[in-house]
Amino acid sequence: MLLSRDQIAACVAKDLQENWLVNLGIGMPTLIPEFIPKERNVMFHSENGVVGMGPPPLPGEEDLDLISAGKGLITLIPGGAYVNHTDSFAIARGGRLDCAVLGAFQVAANGDLCNWRLPHQKSGSVGGAMDIAAGAKRVYVMMTHTTREGDAKIIAERTYPLTAGGVVSKIYTDMGVISVEANELILEGIAPGITPEEVQSATGAHLNIEKVQEISLNL
Amino acid sequence: MLLSRDQIAACVAKDLQENWLVNLGIGMPTLIPEFIPKERNVMFHSENGVVGMGPPPLPGEEDLDLISAGKGLITLIPGGAYVNHTDSFAIARGGRLDCAVLGAFQVAANGDLCNWRLPHQKSGSVGGAMDIAAGAKRVYVMMTHTTREGDAKIIAERTYPLTAGGVVSKIYTDMGVISVEANELILEGIAPGITPEEVQSATGAHLNIEKVQEISLNL
Amino acid sequence: MQNKRAHTLVEAVNVITDGMTILIGGFGGPGVPEILIDGVCELGVKNLTIVSNNAGTDKSGVARLMDVGCVSKLICTFPWAKESYVFKELYDNGKISLEIVPQGTLAERIRTAGAGLGGFLTPTGVGTDLAEGKKALTIDGKDYILELPLRADIALIKAHKADLRGNLVYHKSARNFNPIMVMAANHSIIEVSEEVPIGNLDPENIITPGVFVDSYFVTGQYKVGSGGK
Amino acid sequence: MQNKRAHTLVEAVNVITDGMTILIGGFGGPGVPEILIDGVCELGVKNLTIVSNNAGTDKSGVARLMDVGCVSKLICTFPWAKESYVFKELYDNGKISLEIVPQGTLAERIRTAGAGLGGFLTPTGVGTDLAEGKKALTIDGKDYILELPLRADIALIKAHKADLRGNLVYHKSARNFNPIMVMAANHSIIEVSEEVPIGNLDPENIITPGVFVDSYFVTGQYKVGSGGK
């Protein structure tokens, strides 16, 4: 059975390490924080100048001047700080993000990330994606394994406009978890009830399935 | 009679306009602030991150963490602010200094400023001079008219290592005040008791002396 | 001392004329100078080039400025949001042009202008469509593109408090582009909620020194859409 | 949560090894991490490249580090001050090499490294000896030189207060290069007068977010020259 969005988020959350500073792209990645164990210190960066993004505010405690990059109301954790936009991107570009978790339209076997513009569009919304993808120590992608039409999003060579070249190191989808290694894609985790062959057939690049393990949903 | 250092400082102070932000080089220019009329709002920038440098502290009120670029103890005026070094030089290079008053070894007729290294020295102390000279809206030079040996410091073409090209617009010396115009040096003010011919003979470039006026020492 | 306070909204914004390039602070809603934008709408100027992160929300902010016909070009990072339908319609009808800039690059181009620099080399965008036409350099084996400063005639800035010298502090994530944009325009105009006496802001905590501020308008009870009165 | 506090001076500085490049904060006396420098002197490391605005005062700060023989190269803006006699003697005897950088360029080169950029174009130094060997570019009719990032292995920083996450505030003109240098090294070490609980520093007033801080040493009653105990 395909993983739910929350289940994918839980898979990513499991891999975000103690003391990491992490940037979350808009959409699905914003589900991740609630799956981080309370005792684990993972800090979130929002590129609009928030270092130490906390959960949404309790009712009655909203502040319209405190939002995430995805424009949702948030809070600041104790010990968080506000910075301006250049300082925020100095954090991103300067290699201070241990990880960025981003959505994608396509990921190529060499780690190319395509997530800002579809080929038929005259223009796209790039936001901070190019800077963050170019600067983060690790770029993880979180997405559905295929398009709504069933087309593969993980492919041998990208056909969509590039966001950043060769940056993706891990891909989390509703079918499993794939590690992007120098010369191959390794299927590490698989959703319960799905076969490696099914994942391979939904993927446009060769997968090494030798070491695949079923994902535990008691994350 | 040659002007004293204080008298030169008073000549410069007279020309610093209401609401200007001014950077003062080390040495003689630091004498200027005490000659600014109390009612005139001239603000001083010190490149080590002080916007709104005030006079030296009263005895007992010294703070060793508050110094000028010349390393003297200072104060901060009400409404002053502290910034870091890049922001301080964004002010200087970004055209926010209405005026910089700097010392010089040589000034050429085209406004070339030489103030960081003597030709016989292997190396010099550049400090912030090149940035400030390149960025300020106006660069005024304050210096003795000649070297201790009596050589001209205002010359047709520079022979010393350059600090910034074509930037000086006014020169204040112990002999007078010279305006650097597009095609000539204009002697505007002259110290009482000195003749224009004496100034010309102490100067290595042609001076236009047609409009010279005696400097009033009741500044 | 220079009085930087504009006593009316009109006085604050009437330096703006047709064809100017204007930096407008804000990211999403926070930090957008809604009231100054209201004033610009009332002026009825044309052919503005607007630099702002977003393309506006519904009919407020930058969207309102576009809706009333003041804008001929938008430089931004994220134009295609559902709430930016005003922009989309103008763009689809060929009535507005667009330059897309990556967000960190946009911030840095603005800062570069404010800092009096001539450009910078960034790894952002290397190999992408947005690098087209830009000079490429390799430094120590790493590829960069040269990005140029983005200077403007005017900056419209939202801050939290100003003192009489124009020193500014901001509020939470409403800070965003504002402290950079205020440095990069020939004339900066600040919308502030509150004016405080000199000395009220701790010099250690001032985010924008007043030397970057040309004028400020204290909004008090002003409501957007009341016509600049 | 990561414990960034170094419990002894030795623990703070013993990541430093021979041949490293080290950014050292301060301008004149204010903001110089004297106690961390004391720790480095005790380590007895060799062939350090030091980046700092000044060449030290008498036998304190950077001068002490040179005096005990740790330094083979100095990158600074203002080496020839009367009080920097330790440097002068080493230089005259060919025991130390020197790179002079204009002060605004030095600050910007450090920031450029911290911001992950590859270089910047500056008008500073155009036509001077300090432009020799540097790439020249003309943008919109104005001449610039390309300056490259200055990254380091270590930054030795002096701040006023740190909280447990490593968030920093500074004190008056002791701020200077410190908030930039802390961003531009692979490992930053902070000397602070005081450690405060999380929440004690207002998030609006934090100058350096803790994400740039690798470790800090609280000086308390420590006296320079006491031998790192």
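Source: prediction; values computed, not measured. In what follows, chains are A, B, ... by sequence order, proteins preceding strands, each numbered from 1.
A donor-acceptor pair is defined here as one N or O able to donate and one able to accept, closer than 3.5 Å; such a pair exists between the side chain of D:S173 and the backbone of B:I67. No side-chain donor-acceptor contact under 3.5 Å links D:R175 to the backbone of B:G49.
For the pair B:S123 and D:L98, the minimum side-chain heavy-atom distance is below 4.5 Å. Here the side chains of D:E108 and B:F89 are not in contact, with every heavy-atom distance at 4.5 Å or above. Within the 4.5 Å cutoff, no side-chain heavy atoms of B:L76 are placed close to those of D:K172.
A donor-acceptor contact under 3.5 angstrom links the side chains of B:D65 and D:H171, judged on distance only.
In terms of heavy-atom pairs under 4.5 angstrom with chain D, the leader among B:D63, B:I132, B:D112 is B:D63. Contacts with chain B were tallied for D:N178, D:T128, D:L106; D:T128 has the most, counting heavy-atom pairs under 4.5 Å. Ranked by heavy-atom pairs under 4.5 Å with chain D, the list B:G165, B:A69, B:G127 is led by B:G127. Interface summary for chain D: among B:G128, B:A129, B:A133, the most heavy-atom pairs under 4.5 angstrom belong to B:G128.
When B:D87, B:V83, B:N84, B:T86 are each tested for a side chain to side chain contact (heavy atoms under 4.5 Å, CB included) with D:P179, only one passes: B:N84.
The contact between D:N54 and chain B is made entirely by side chain atoms (from C-beta outward), counting heavy-atom distances below 4.5 Å. For B:Y82, the parts lying near chain D are the backbone and the side chain together; criterion is any non-hydrogen pair under 4.5 Å. For chain B, the nearby parts of D:T105 are the backbone and the side chain; heavy atoms of each come within less than 4.5 Å. Within the 4.5 angstrom heavy-atom criterion, no atom of B:S46 approaches chain D. For B:L64, the part lying under 4.5 angstrom from a heavy atom of chain D is the backbone only. Residue contact with chain D, scored on non-hydrogen atoms closer than 4.5 Å, involves the side chain of B:I26 exclusively. With a threshold of 4.5 angstrom between heavy atoms, B:S88 does not approach chain D through any atom at all.
Other residues, nucleotides and ligands contribute over 12 non-hydrogen atoms within 6.0 Å of the NZ atom of B:K122.
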